[in-house]
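What follows is one structure encoded as structure tokens, with my remarks underneath.
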Protein chains: 2
Amino acid sequence: MSRTPLHPTREQIELPMVLDCLSDPIRLTIVYQLAQQERVSSELCCGDFNGLAGKSNLAYHFAKLRECGVMQTRVAGTNRFMRLRREDLEARFPGLLDAVINSAAKDADRLQLLSGCDVVDAESN
Amino acid sequence: MSRTPLHPTREQIELPMVLDCLSDPIRLTIVYQLAQQERVSSELCCGDFNGLAGKSNLAYHFAKLRECGVMQTRVAGTNRFMRLRREDLEARFPGLLDAVINSAAKDADRLQLLSGCDVVDAESN
DNA sequence: CCTTATGTTCAACGTTTATTGAACTATTGC
DNA sequence: GCAATAGTTCAATAAACGTTGAACATAAGG
């Protein structure tokens with residue numbers, strides 16, 4: 001396992017890549033859950049998203065989200081903690097992330113954003 | 001040529017589809033140009049986008065933009081006039097379209113949004 | 001009616017994408 | 001050291017995507 005995964009600089013973040021990244025239902029769910037979690041701890045680890053898809057499939061989506069500059073990964077022991085790159089995204093594309101997240105929240109049931117994710121269960125306790 | 005192409009109702013417009021639609025550079029350019037044109041006439045016809053790609057390729061992208069609910073097509077003679085479905089998009093995803101368009105405007109040169117499009121030339125006269 | 005202009009539709013193609021399971025790496029705790 | 005845990009990487013697969021040119025459809029102008 002390489003120590004710190006590749007992240008693009010703020011200026012390297014491209015609009016089409018971000019939009020494409022967010023257009024996938026699984027990745028949109030991940031981003032949505034990360035946004036919800038910001039009110040609590042701002043970070044989640046990969047395992048919190050088991051239930052959304054298989055581990056290798058999730059790793060694929062995590063890599064995409066990272067490489068597109070949407071989220072950042074921090075390695076801690078055997079865990080990888082992830083958070084949204086809110087400031088960078090806001091600097092590059094003002095209002096975009098919130099518009100997407102709010103739209104996703106509005107359509108939460110339609111998008112099935114809440115299904116199969118440990119995070120929501122934990123939060124509702 | 002069928003008289004009126006298919007358009008989804010406002011409620012049928014889905015977030016992932018819209019994001020995916022906007023993630024393609026050619027389609028993003030079309031949307032951006034339509035947005036710019038709103039200050040003038042709010043409508044453009046297919047031919048205004050020759051230069052972006054071949055005709056059949058453009059027809060493919062137009063169809064996607066239409067089927068995803070991003071724009072509306074009106075048939076007039078041999079022409080098809082298109083405009084953004086601003087109100088519908090705003091109702092479904094508040095702030096999203098403007099965030100995307102403003103972000104695209106900020107990155108206009110990086111995205112090469114202005115190249116090969118008749119509209120800009122016409123507008124700069 | 002014939003031609004021209006505007007776009008669409010279709011089939012073909014090569015590329016990219018999402019998904020899967022198996023193998024692998026790295027860290028923690030006993 | 002050994003087993004368990006947490007994730008990644010790889011190869012394979014099927015589906016979706018973008019692009020192309022040729023054929024088609026429709027309307028307008030002479």
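The phosphate of dT19(C) has OP1 or OP2 within less than 4.0 Å of a side-chain N or O from His61(A). Phosphate contact (OP1/OP2 of dA6(D), side-chain N/O of Arg80(A), threshold under 4.0 Å): absent.
A donor-acceptor contact closer than 3.5 angstrom is absent between the side chains of Gln72(B) and Arg85(B).
Here the C1' atom of nucleotide dT8(D) and the CG atom of Asn79(A) are 14 Å apart, to the nearest Å. The interatomic distance linking Lys55(B) (NZ) with dA22(D) (P) rounds to 14 Å, in whole Å. When the C1' atom of dA18(C) is taken as reference, atom CD1 of Ile30(A) falls 13 Å away, rounded to whole Å. Per the geometry, CZ belonging to Phe62(B) stands 15 Å off C1' belonging to dT9(C), to the nearest Å. Counting to the nearest Å, the C1' atom of dA6(D) and the CE atom of Met82(A) are 12 Å from each other. Atom CZ of Phe81(B) and atom P of dT6(C) are 11 Å apart (whole Å). Residue Leu6(B) contributes atom CG, which lies 14 Å from atom C1' of dT9(C) at whole-angstrom precision. Look at CG on Asn50(B): it is 13 Å from P on dT20(D), rounded to the nearest Å.
In the region residues 65-73 of chain B, proximity to DNA chain D at under 4.0 angstrom, judged on heavy atoms, holds for none of the residues. Near DNA chain D, meaning a heavy atom under 4.0 Å away, the residues from residues 21-28 of chain B are Asp24(B), Ile26(B), Arg27(B).
Between the side chain of His61(B) and the backbone N or O of Ala59(B) there is no donor-acceptor pair closer than 3.5 Å.
Residues Arg66(B) and His7(B) have side chains in contact (heavy-atom distance under 4.5 Å, counting atoms from C-beta outward). Taking 4.5 Å as the limit, every side-chain heavy atom of Leu84(B) sits out of range of all side-chain heavy atoms of Leu89(B). Looking at heavy atoms from C-beta onward, Glu14(B) lies in side-chain contact with Arg110(A) at the 4.5 angstrom threshold.
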Please list, one pair per line, the donor and acceptor atoms closer than 3.5 Å that link side chains of residues 90-101 of chain A to other protein atoms, with sequence neighbours excluded.
from, atom 1, to, atom 2, distance (Å)
Glu90(A), OE1, Gly95(A), N, 3.4
Glu90(A), OE2, Gly95(A), N, 3.2
Arg92(A), NE, Arg10(A), O, 3.4
Arg92(A), NE, Ile13(A), O, 3.2
Arg92(A), NH1, Asp107(B), OD1, 3.1
Arg92(A), NH1, Asp107(B), OD2, 3.3
Arg92(A), NH2, Ile13(A), O, 2.6
Arg92(A), NH2, Asp107(B), OD2, 2.6
Asp98(A), OD1, Arg86(A), NH1, 3.1
Asp98(A), OD1, Arg86(A), NH2, 3.2

Donor-acceptor pairs under 3.5 angstrom involving side-chain atoms of residues 16-25 of chain A: please list them, not counting sequence neighbours.
from, atom 1, to, atom 2, distance (Å)
Ser23(A), OG, Asp20(A), O, 2.7
Asp24(A), OD1, Ile26(A), N, 2.9
Asp24(A), OD1, Arg27(A), N, 3.2

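When the side chain to side chain donor-acceptor pair (under 3.5 Å) test is applied to Asn102(B), no partner is found at least two apart in sequence or on another chain. Not counting sequence neighbours, the partners of Thr9(B) by the side chain to side chain contact (heavy atoms under 4.5 Å, CB included) test are Glu11(B), Gln12(B). Listed by chain and residue number, nothing satisfies the ring-ring contact (aromatic ring centres under 6.0 Å, His included) test with Phe81(B) (two or more places apart in sequence, or in another chain). Residues satisfying the side chain to side chain donor-acceptor pair (under 3.5 Å) criterion with Ser103(A), sequence neighbours excluded, are absent altogether. Partners of Tyr60(A) according to the ring-ring contact (aromatic ring centres under 6.0 Å, His included) rule, which considers only residues two or more places apart in sequence or in another chain, do not exist here. Under the rule for a side chain to side chain contact (heavy atoms under 4.5 Å, CB included), the partners of Glu67(A) that lie at least two apart in sequence or sit in another chain are Ala63(A).
Listed candidates were dA18(C), dT9(C), dT5(D). Nearest to the side chain of Thr78(A) is dT5(D).
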With 3.5 Å as the limit, what N/O pairs link the protein to nucleotides 13-16 of chain C?
none

Polar-atom pairs under 3.5 Å, protein N or O versus N or O of nucleotides 20-24 of chain C: list them with distances, or write none.
from, atom 1, to, atom 2, distance (Å)
dG21(C), N7, Ser56(A), OG, 3.3
dG21(C), O6, Ser56(A), OG, 3.2

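A distance of 13.5 Å separates CZ of Arg80(A) from CD of Glu43(A), quoted to the nearest 0.5 Å.
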